Amino acid sequence: MRSYTLIAPAKINLYLEIIGDRPDGYHELAMILQSIDLADQIDIKLSSPGGIRVYCNHPQVPRDKSNIAYLAAELMTTEFPTAFAKYGGVDITINKQIPVAAGLAGGSTNAAAVLVGIDLLWNLGLTQGELEELGATLGSDVPFCIGGGTAIATGRGEQLSPLPSLDGIYIVLAKYRSLEVSTPWAYKTYREKFSSSYVKDKDSLAARAAAVHSGDMVKAISHKDVKEIAQKLHNDLEKVVLPAYPKVLELREIFANAGVLGTMMSGSGPSVFAICDSKVQAEQVQSQVREIIADEDLELFVTQLTNHGIQIAS
Ligand code: ATP
């Protein structure tokens with residue numbers, strides 16, 4: 001087959017704890033990542049003239065080497081030069097549905113799709129583990145985006161342990177189109193404000209990361225106890241993003257007052273999600289928020305948690 005259409009889901013963070021600093025300059029994290037149905041569509045095909053080309057329908061997404069999907073393809077050309085010489089380059093078309101710079105891993109899931117797509121196009125037969133290793137060199141969220149579902153992510157976010165599936169739970173997701181939060185800014189500001197409380201020695205760092213495996217959120221997920229999951233949502237980055245972005249704080253408060261099961265900012269924001277007990281409630285909450293904030297800049301989605309990462313479109 002010379003072309004594939006792939007579904008690349010976004011992710012939310014059900015849990016994000018910043019434990020300490022790492023020697024590589026990143027933070028040691030303990031997260032629980034969750035794929036959602038909101039997804040980009042990636043068309044990838046062999047290109048006879050060779051090279052890599054990226055097309056995208058979204059004006060904020062670059063088409064050059066600064067697109068992480070481009071970098072993913074470039075990585076494959078250097079890792080597999082024989083296949084590159086045999087099959088040529090790729091044309092990648094991104095149909096962007098996931099809000100950009102939203103804390104939803106939009107770029108990472110595109111990169112994950114390109115790794116999976118090139119593996120298929122060039123008949124490489126890579127395992128999920130091998131794809132995840134390649135993905136980790138592109139970005140911390142890329143390995144998770146490949147397999148998706150529900151998982152604990154430690155280290156920089158690239159060390160994954162799968163959790164039982166939570167598909168079928170409805171959420172409302174809100175993001176102001178024109179509001180962007182830089183992920184490096186969020187982590188840098190967190191370090192400036194809170195590094196005095198970081199766990200410093202190596203053994204304690206590892207113990208804290210391991211503790212998430214036996215923590216309350218994992219227990220709630222194992223029981224698929226939606227109410228408990230919604231109550232145990234946690235994101236350390238809210239401590240720096242909410243004070244700096246009053247609109248995000250306001251969304252969080254409106255969701256909480258709308259009677260949802262729980263609400264939290266995803267990743268470094270600025271998107272905020274609310275867990276609901278049914279699709280009907282999610283749609284009602286969406287309408288309620290729309291009535292309170294009559295701003296066309298605000299995008300609202302009703303979507304659900306899903307149990308998969310990159311998939312070939314049927
Ligand atoms: P994460 O949750 O992994 O931190 P994010 O959802 O906050 O990511 P992205 O949507 O990946 O953020 O966008 C971050 C920046 O990366 C944007 O400002 C955009 O210009 C750039 N970018 C590069 N490639 C892509 C891509 N394929 N899709 C979206 N943004 C991209």
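As the structure lists them, so they are numbered: ligands from 1, and atoms in each ligand from 1. Here the structure is a predicted model, which means the values were calculated and not measured. Numbering of residues begins at 1 and proceeds along the displayed sequence.
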Checklist outcome for this item: shortest atom 4 (O) of ligand 1-to-protein heavy-atom contact is with T183 OG1, 3.1 Å
Checklist outcome for this item: So the atoms of ligand 1 within less than 4.0 Å of a heavy atom of K96 turn out to be 28 (N), 29 (C)
Checklist entry - For atom 25 (C) of ligand 1, what's the nearest protein heavy atom and its distance? => result N67 OD1, 3.8 Å
Item to check | Test: R156 and E28 ion pair at under 4.0 Å | outcome: no
Item to check | Test applied, salt bridge (charged side-chain N to carboxylate O under 4.0 Å, His left out); reference residue, D21; option that passes from K188, R191, K200 | outcome: R191
Item to check | Closest protein heavy atom to atom 2 (O) of ligand 1, given as residue, atom name and distance to 0.1 Å | outcome: A105 N, 2.9 Å
Checklist entry - Are any non-hydrogen side-chain atoms of L29 and Y187 less than 4.5 angstrom apart? => result yes
Checklist entry - Are any non-hydrogen protein atoms located under 4.0 Å from atom 15 (C) of ligand 1? => result no
Next on the checklist: How far is atom 10 (O) of ligand 1 from the closest protein heavy atom, and which atom is that?
Outcome noted: A101 N, 2.9 Å
Next on the checklist: Can you confirm if the aromatic rings of Y190 and F194 lie within a centre distance of less than 6.0 Å?
Outcome noted: yes
Checklist entry - Any side-chain heavy atom of L14 within less than 4.5 Å of one from L233? => result yes
Item to check | Min heavy-atom dist G103 to ligand 1 below 4.0 Å | outcome: yes
Checklist entry - Who's the nearest protein heavy-atom neighbour of atom 22 (N) of ligand 1, and how far? => result P62 CD, 3.9 Å
Item to check | Protein residue, atom and distance nearest to atom 30 (N) of ligand 1, heavy-atom basis | outcome: V100 CG1, 4.0 Å
Next on the checklist: Closer than 4.0 Å to some heavy atom of S108 - which atoms of ligand 1 meet that?
Outcome noted: 3 (O)
Next on the checklist: I'd like to check H27 versus I19 (side-chain heavy atoms, cut-off strictly below 4.5 Å). Are they in contact?
Outcome noted: no
Item to check | Contact check: I68 vs ligand 1, nitrogen or oxygen atoms, below 3.5 angstrom | outcome: yes
Checklist outcome for this item: min-distance protein heavy atom vs atom 23 (C) of ligand 1 -> S66 O, 3.4 Å
Checklist entry - Can you tell me which residue and heavy atom of the protein come closest to atom 11 (O) of ligand 1, and the distance to 0.1 Å? => result G107 N, 2.8 Å
Next on the checklist: Would N110 and D40 count as a side chain to side chain donor-acceptor pair (under 3.5 Å) here? Give the steps.
Outcome noted: CA-CA 7 Å; N110 293 172; D40 291 341; 2.9 Å; yes
Checklist entry - If you count the atoms of ligand 1 from 1 in the order shown, which ones are under 4.0 Å from a heavy atom of N110? => result 26 (C), 27 (N), 28 (N)
What side-chain donor-acceptor pairs closer than 3.5 Å can you find for residues 210-218, not counting sequence neighbours?
residue, atom, partner, partner atom, Å
S214, OG, A211, O, 3.3

Checklist outcome for this item: The salt bridge (charged side-chain N to carboxylate O under 4.0 Å, His left out) partners of R63 (sequence neighbours excluded) come to none
